[in-house]
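We name chains A, B, ... by the order of the sequence lines, and we start the count at 1 in each one. What you are looking at is a predicted structure, and each value in this text was computed from that prediction instead of being measured.
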Amino acid sequence: MTRLILHLDLDAFFAALEQRDHPEWRGLPLVVGAAPGGRGVVATCSYEARRYGVHSAMPIGEAVRRLPPETVYVRPQMARYAEASRQVMTALERLSPVIEPVSVDEAFLDVTGLERLIGPPEAIGRQAKMLVQETVGLTASVGIGPNRLIAKLASERDKPDGLTVVPSETVQAFLDPLPLTVLRGLGRRTAPKLRALGLETVADVRALSLEHLRRLLGAHQGTRIYQQARGLAEDRVEVGRSRQSISKETTFPEDVTDPALLRETLRWAAQEVAYLARHGGYQGTVVTLKIRFRGFETHTRTQTLRMPTADDRTLFRTAWALLEAGRWGARPVRLIGLGLSAWAQGLDAAVQPDLFSGANRSGADWSGANCSDVNRSGATCSDANRAPVTPTETRLNETLDAIRARFGPGVIQRGGQRRRP
DNA sequence: TCTGGGGTCCTAGGACCC
DNA sequence: TCTGGGGTCCTAGGACCC
């Protein structure tokens, strides 16, 4: 049976939200991302900025070089964006309850059968865009097709504020002239392998045999590309997919050799990850340490624990032990971070929300307390309403403030948004 | 140009067991 | 003396995506 899959993508989401809330920024090039002069990239930029060739993931320095002086630079406020995203997703549920958000600004909906209620696919698409406009006052681009790949490519066809429907009969004609990089999995590394053979478009890829593609890209990847080139892809939309891992990492404004600062940063990451895990009802058994040295050389080390945990001290101790076991010496560190994954069977958030966070609801006052002996169930000082800052965080903030004082404001990027006293 | 942060999934090798 | 095949788990790295 042919399904009808709808993909919706909010146009320049972060930038559009900033311009919505700051009328004085409308019509100007606007960049959401790292501070100019800092060590980061563009997260999103307004369409006015895109005219200068600026795009997501471009190093901020390069963006500054290209953009005119009147450009507005803002730091991401993820909490605000997440809230708007939730509003959008909730509104779209009224169109179809079979919805799978894939990121903060994108979702797939299975709208199979809605034609009887609403009308042709175009009418369903218009309905989706209207819901977004009414809810958050933003435009979205919508694509509709028989599977996720086609729906997604259709939404990219006509941006911003576009609506493209690709019926099954026209899938191949739609796909054939597109550059081969539109296929999922043909990126920076893999695409050149095919270009080396003189291939440019999806039609060119379709000329290769399954065996040839499997030899070139590996059995799994080769098969997937072979199918995608023929318009065949996943058409299931998974409701309530739960996450597989939680991580926190940070790039220092300047490479760090001081072990104390690495320790404090790792402790901060452990607290953040543990906090998120407990509030999501997760306990994980695999701890990952991530470290990136000067020159961008990146390593990961993992350890599988005997017992699942969401305790920040366990995460920190495990990660620190991994770091010491790495024997990397005193090389300048660019980035450090920590992750938790491999949830205890049957205990993820979808099944047992908040199973592990009950102990955190006591309302006890941890502020300024020594949190080393709170309890064994995962509660620590970093919970209690999040308002009091932990001693660890205070120390980290002091260190980061010192760096700010040396390198100027705005250079410190710490992932996510949080309440600060 | 000099590369964020948060993710997902895959591969490949080695250990270990039957 | 030399040497199996399969399954599972763990680990490191990498490609890719938004």
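Side-chain contact, A:T309 with A:D311: no donor N or O sits under 3.5 Å from an acceptor N or O. A donor and an acceptor atom, one from each side chain of A:S141 and A:D11, are located under 3.5 Å apart.
The nearest whole Å value for the distance from the CG atom in A:L183 to the P atom in C:dA15 is 18 Å.
Using cut-offs of 30° and 60° for the angle between ring planes, the A:H279 and A:Y275 rings count as tilted.
At the heavy-atom level, A:K152 lies under 4.0 Å from the strands shown only through sugar-phosphate atoms. Across all strands shown, A:T190 has heavy atoms under 4.0 Å from sugar-phosphate atoms exclusively, and none from any base. Using a 4.0 Å heavy-atom distance criterion, A:R292 is classed as a sugar-phosphate-only contact. Using a 4.0 Å heavy-atom distance criterion, A:E106 is classed as a sugar-phosphate-only contact.
In A:R236, the CZ atom is not crowded: 12 or fewer heavy atoms of neighbouring residues, nucleotides or ligands sit closer than 6.0 Å.
Neither OP1 nor OP2 of B:dG5 sits under 4.0 Å from any side-chain N or O of A:S247.
Under a 4.0 Å N-O distance rule, the pair A:R267/A:E264 qualifies as a salt bridge.
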Report each atom pair, protein N/O against N/O of nucleotides 8-11 of chain C, whose distance is under 3.5 angstrom.
from	atom 1	to	atom 2	distance (Å)
C:dT11	OP2	A:T304	N	3.3
C:dT11	OP2	A:T304	OG1	2.3

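Inter-axis angle, ends of the helix from B:dG5-C:dC18 to B:dC18-C:dG5, five pairs per end, rounded to 10 degrees: 10°.
Shown for residues 55-66 of chain A: residues whose heavy atoms fall under 4.0 angstrom of DNA chain B, namely A:A57, A:E62, A:R65.
For A:R51 and A:Y47, the positive end is not near the middle of the six-membered ring at less than 6.0 Å and at most 45° from its axis.
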